[in-house]
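Notes to accompany the following structure.
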Amino acid sequence: MAYDHKSIESKWQQAWEEQGLYRAEVDWSRPKHYAVTMLPYPSGDLHIGHWYAMTPSDARARFMRMKGYNVLFPMGFDAFGLPAENAAVQNNIHPWPWTYDNIERMRIQLRTMGAMFDWERETVSCDPEYYRWTEWFFKRMFEAGIAYRSKALVNWSETLQTVLANEQVIDGKDERTGQPVIQRMMEQWFFAITDYADELLDFEGIDWPDPIQTMQTNWIGRSEGALVTFESPAGEIPIFTTRPDTLWGATFMVLAPEHELVAGLTSDEQREQVEAYVAASARRTELERMEESRDKTGVFTGGYAVNPVNGSNIPVWIADYVLISYGTGAIMAVPAHDQRDFEFARHFELPIVPVIHPEGAAKLSEPAMVESYVGPGTMVDSGPISGVATTMAKGRQNPSIAAAIDWLEENGAGTESVNFRLRDWLIGRQRYWGSPIPIIHRSDGTMETVPDSDLPVVLPEDVDFVPTGRSPLTYHEPFLNTVDSAGNPAKRETDTLDTFMCSNWYWFRYLSPHFDTAPFDPEEAAYWLPVDTYTGGAEHAVMHLLYARFFVKVMRDLGVFKDTIEAMKEHGRSPDGWFDEPFRQVRNQGQILGEERRGDRLAADGDWDGEVLRATSIQVGEDVAGAVVGELMNRTERILKVATADGVITVEVLADAHVDIASIPGDNDINQLKQHLDVERMSKSRGNVVNPDELVEQYGADTVRTYLMFAFDWLKGGPWDSRGIAGARRFLDDVWKLGTGGYEPKAVNEGATTELRRATHKMIKKVEADMVDFKWNTAVAAMMTLRNDLLAARRDANVSGDAWNEAVDTLLSVLAPIAPHITEEVWRSRGHETSVHASPWPAADPELARDETVTMVIQVNGKVRDRIEVPADITAEDAEAAALATERIAEWTSRGEVRKVIARPPKLVNIVVG
RNA sequence: GGGCGAGUGGCGGAAUUGGCAGACGCGCAGGAUUCAGGUUCCUGUGAGGUAACACUCGUGAGGGUUCAAGUCCCUCCUCGCCCA
């Protein structure tokens with residue numbers, strides 16, 4: 001019988017579900033493993049990227065299960081968010097049915113993966129049963145002062161009289177109505193994530209990828225320095241600086257245009273200019289303002305402030321590169337030692353006063369400076385700290401900074417301070433399709449929370465999605481109008497929560513999705529928490545993964561885990577250190593890109609040098625002509641391989657060749673050829689979208705899973721190649737035939753039998769190590785190698801039946817996590833009573849896996865000159881003697897004197913002959 | 001501009017972390033099976049070189065450390081991500 005994936009896969013998916021094979025239940029007698037893969041947004045179609053993310057995570061969970069763990073691997077939907085609301089506005093479909101229809105479709109698609117999801121624990125974040133607790137968390141955070149309202153710059157549409165989300169603003173205009181949008185300070189909801197900044201910098205005890213730790217650390221951006229206050233007629237201007245040692249070189253100040261003292265500092269002569277500038281910067285987003293390539297702009301206010309270190313009066317400017325949301329919204333400018341300040345000073349002809357004497361160089365002279373000096377040296381013209389050395393070190397590690405901070409503190413001019421780049425998390429969204437914020441605004445302007453018994457505040461369903469740019473909640477009177485606790489008329493909060501808040505705690509809800517007295521059941525939590533392995537895309541490296549860490553620390557501090565900790569203790573497990581971080585181990589997969597396109601048509605002209613064309617002219621485009629015309633296949637340095645009608649031609653591009661690429665305007669160079677090739681290749685443009693449903697139909701889920709895990713380095717991803725999948729299918733066809741075809745030994749050979757057993761046990765060891773490490777491609781390669789050994793053994797029929805059966809059953813066991821259906825079918829057909837997925841992981845016997853002899857490489861002066869078979873336990877002396885004794889080596893050693901012999905038994909001997 | 005990561009056959013990718021470069025697969029070529037195509041089965045497949053060996057070259061470029069470098073160090077080029 002041939003391998004028919006269709007009947008097998010649906011049969012086993014149904015059987016596993018009926019038997020509840022993947023239902024995970026608390027069992028204190030067994031070790032647990034809680035595996036979570038990032039839950040999908042219900043866009044309506046499962047794409048190949050979902051398979052690439054989820055099926056290896058499933059394989060890992062299955063592997064852990066076979067290793068003896070009680071494994072929980074749930075699935076859910078992150079269902080609030082923008083696309084549903086856009087669909088509502090564009091197609092007049094309410095987000096509710098749109099979302100739930102999509103979820104229904106995706107559930108079916110997800111089932112075709114054959115993953116071990118425990119559907120009993122499914123969680124949907126837009127379900128009132130779920131967001132009741134999202135609101136509850138918000139309430140606790142509000143009560144604890146972690147959720148608060150404060151002014152922030154927002155996108156404001158004067159014509160619509162509404163705040164717009166960043167995604168709604170394109171080029172400074174509302175994307176729907178085209179009305180202008182300005183930046184305006186307004187009251188917004190925040191979470192005080194900066195309170196946890198220091199703790200979030202600590203990754204002790206968790207196993208996360210280094211790049212993520214680096215990204216989060218940079219994102220938090222801790223910098224040490226001092227807070228210094230400048231006096232001005234309009235009031236005190238505090239600034240934060242990382243270089244208080246250069247205060248004596250501060251020649252002007254710059255305030256953000258939104259700074260509250262701007263109006264007070266502005267002189268009458270300057271008022272018109274200042275007001276125009278403030279209005280102009282309101283039209284720019286923060287992102288635009290931070291573009292460094294932009295020309296420096298700014299306006300003098302006409303006001304002055306006093307530098308506290310020397311009493312000098314320095315001019316106060318405003319410029320939009322200073323952001324109100326960073327630090328204090330004001331900076332001191334030291335043009336001699338800061339490049340941005342230097343450029344500003346030169347542009348506006350402001351004074352530059354050097355205060356660092358560069359190491360081993362002449363003293364800086366202001367008129368001659370063409371850029372700021374940021375290197376080490378000695379402080380000069382800096383009052384009390386003159387003569388102190390300055391280094392490249394940051395904070396107090398730098399003697400000049402330490403001296404300056406000490407002086408500031410002694411003289412009451414400033415204090416040592418730490419500033420973070422991280423800002424508090426703006427969580428309010430002027431959107432409908434999100435979790436409501438359970439706040440009531442009283443008529444006197446104060447706020448109160450909705451009582452727990454009234455949670456959740458439910459989104460009204462009878463809303464109109466008129467494309468006004470405003471959230472329907474803002475004009476839905478029955479929702480809006482309510483009463484406060486005293487019975488007086490009041491208004492509901494109409495902001496909803498950022499969807500990152502919903503995805504902050506979903507793995508807790510999986511534990512008990514229908515629990516109705518708390519966000520999660522402490523009895524479940526005590527057993528399953530924390531999450532042991534969390535997998536998902538690296539695009540969530542900062543936001544989601546940082547917010548998740550923050551949120552768990554908040555939960556801990558709010559005492560949310562109190563009952564869980566009690567339950568844990570009752571079961572004799574120590575809760576210490578288990579509730580500081582959400583995920584003990586995190587791994588990120590790469591991304592699957594669109595299928596490679598053939599390279600572009602290219603024509604080259606030049607002079608032939610043998611087979612190689614030395615090109616003086618290259619053209620890329622559709623209608624091109626030249627000596628060589630074909631598709632660009634590959635490029636290394638100056639060498640191009642071009643597939644022409646006559647085969648592959650090598651073209652060397654001369655250094656001064658003329659390059660013309662039709663799709664890239666202007667002058668082109670050779671490097672752009674490669675870039676162009678790559679960009680085209682990786683484009684996800686229409687026509688190369690990979691549909692997993694079609695692949696499953698044609699090859700089967702097992703083949704798709706195997707191919708995805710085999711063809712890529714999981715951490716890297718890469719372009720899809722539709723041809724390669726045939727190899728995965730051939731492998732499974734072979735597994736089918738080897739497992740179901742029977743085997744009759746003819747002439748049993750002791751050596752061949754031992755070899756097969758050795759290969760089997762080596763394979764177990766290799767696959768196990770690879771699966772622990774998420775190295776799916778090499779795990780599959782090791783299985784394919786055993787497949788090749790089995791094919792050879794069957795052809796020769798020279799291994800014992802026992803060795804054959806051991807090898808086949810082992811192959812099925814280790815392949816089971818990757819290809820769950822075919823392995824189950826073949827496993828059962830071989831007479832096993834229970835599921836392969838409930839069977840234990842095979843044990844690698846180190847005795848059987850050990851090689852008796854190995855191939856030893858003999859090198860002469862580092863080059864391989866001979867190979868011999870030696871016993872695996874050969875001593876260094878014997879290895880050396882054996883190496884020197886071979887005929888070929890004798891030939892080489894006779895040419896000179898043996899100066900040295902390095903023996904690394906049993907793999908290598910290197911003989912130095914000179 | 002700064003930080004992190006990467007660059008290996010025609011392609012995807014291996015290489016036990018300093019010890020045989022190219023595992024495994026795709027593709028391609030030759031052969032067998034077949035009326036034929038496909039499937040399947042054998043064999044080969046980094047480049048040069050040879051009748052075949054030998055040998056020479058070869059992991060983006062250049063230099064260095066070492067008995068030994070894809071791997072470590074320095075300079076440079078290119079790509080990707082993050083931050084400015």
(request) Encode nucleotides 42-59 of chain B as B, S and - characters from 5' to 3', where the letter depends on protein heavy atoms closer than 4.0 Å: B to the base, S only to sugar-phosphate, - to neither. (result) S-----------SSSS--
(request) Do nucleotides 23-28 of chain B as a string where each nucleotide becomes B, S or -: B if the base has a protein heavy atom under 4.0 Å, S if just the sugar-phosphate does, - if no protein is that close. (result) BBSSS-
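Distance A:Leu908 CG to B:C67 C1': 10 Å, rounded to the nearest Å. As a whole-Å value, the separation of A:Ile212 CD1 from B:G5 P is 14 Å. Spacing between atom CG of A:Asp210 and atom C1' of B:A6 amounts to 16 Å, rounded to whole angstrom units. Distance, A:Asn861 CG to B:U66 P: 15 Å, rounded to whole Å. A:Phe712 places its CZ atom 12 Å from the C1' atom of B:C11, with the value rounded to the nearest Å.
With both ends at atom C1', the span from B:G7 to B:A61 equals 12 Å, rounded to whole Å. When the P atom is used for both B:U45 and B:A23, the distance is 10 Å, rounded to whole Å. Straight-line distance between the C1' atoms of B:U71 and B:U17: roughly 7 Å, to the nearest whole Å. If you take atom P in B:A32 and the same atom in B:G38, they sit 15 Å apart, rounded to whole Å. Separating the P atom of B:G1 from that of B:C76 is a span of 12 Å, rounded to the nearest Å. For the C1' atom pair drawn from B:G70 and B:G46, the interatomic distance equals 15 Å after rounding to whole Å. On the P atoms, B:A51 is 39 Å away from B:C67, given to the nearest whole Å. Rounded to a whole angstrom, the distance from the C1' atom of B:G80 to that of B:G60 is 15 Å.
Of the residues in residues 845-856 of chain A, none has a non-hydrogen atom less than 4.0 angstrom from any atom of RNA chain B.
Using cut-offs of 30° and 60° for the angle between ring planes, the A:Phe712 and A:Tyr52 rings count as perpendicular. A:Phe774 and A:Trp714 have parallel rings, their planes meeting at less than 30° on a 0 to 90° scale where 60° marks the start of perpendicular.
What you find for A:Glu224 and A:Val418 is that their closest heavy atoms are CG-CG2, 4.2 Å.
Judged by distance alone with a 3.5 Å cut-off, no donor-acceptor contact links the side chain of A:Lys765 to the base of B:U16.
At the heavy-atom level, A:Asn910 lies under 4.0 Å from base atoms of the strands shown.
OP1 and OP2 of B:C79 both lie 4.0 Å or more from every side-chain N or O belonging to A:Lys716. In terms of phosphate contacts, A:Lys900 brings a side-chain nitrogen or oxygen within less than 4.0 Å of OP1 or OP2 of B:C67.
For A:Gln339, the CD atom is densely surrounded, since the number of other residues' heavy atoms within 6.0 Å is greater than 12.
Checked by atom type and distance alone, the side chain of A:Arg729 pairs as donor or acceptor with a backbone atom of A:Tyr699 at under 3.5 Å.
Separating the NE2 atom in A:His5 from the CG atom in A:Asp733 is a distance of 10.5 Å, to the nearest 0.5 Å.
Glycosidic torsion of B:U8 falls outside 90° of 0, placing the base in anti. Taking the syn range as angles within 90° of 0, the glycosidic angle of B:G9 is syn.
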(request) Return one dot-bracket line describing RNA chain B 5' to 3' (Watson-Crick or G-U wobble pairs, both distances under 3.5 Å; ( ) same strand, [ ] crossing, | another strand, . none). (result) (((((((..(((......[....)))((((((.......))))))(((......)))..(((((..]....)))))))))))).
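Counted by atom type alone, A:Asp424 and A:Thr194 present one or more donor-acceptor pairs between their side chains at under 3.5 Å.
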Are any protein N/O atoms closer than 3.5 Å to N/O atoms in nucleotides 81-83 of chain B? If there are, list each pair with its distance.
from  : atom 1 : to       : atom 2 : distance (Å)
B:C83 : O3'    : A:Arg421 : NH1    : 3.1

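Shown here are the side-chain hydrogen bond (donor to acceptor under 3.5 Å, both in side chains) partners of A:Thr810, two or more places apart in sequence or in another chain: there are none.
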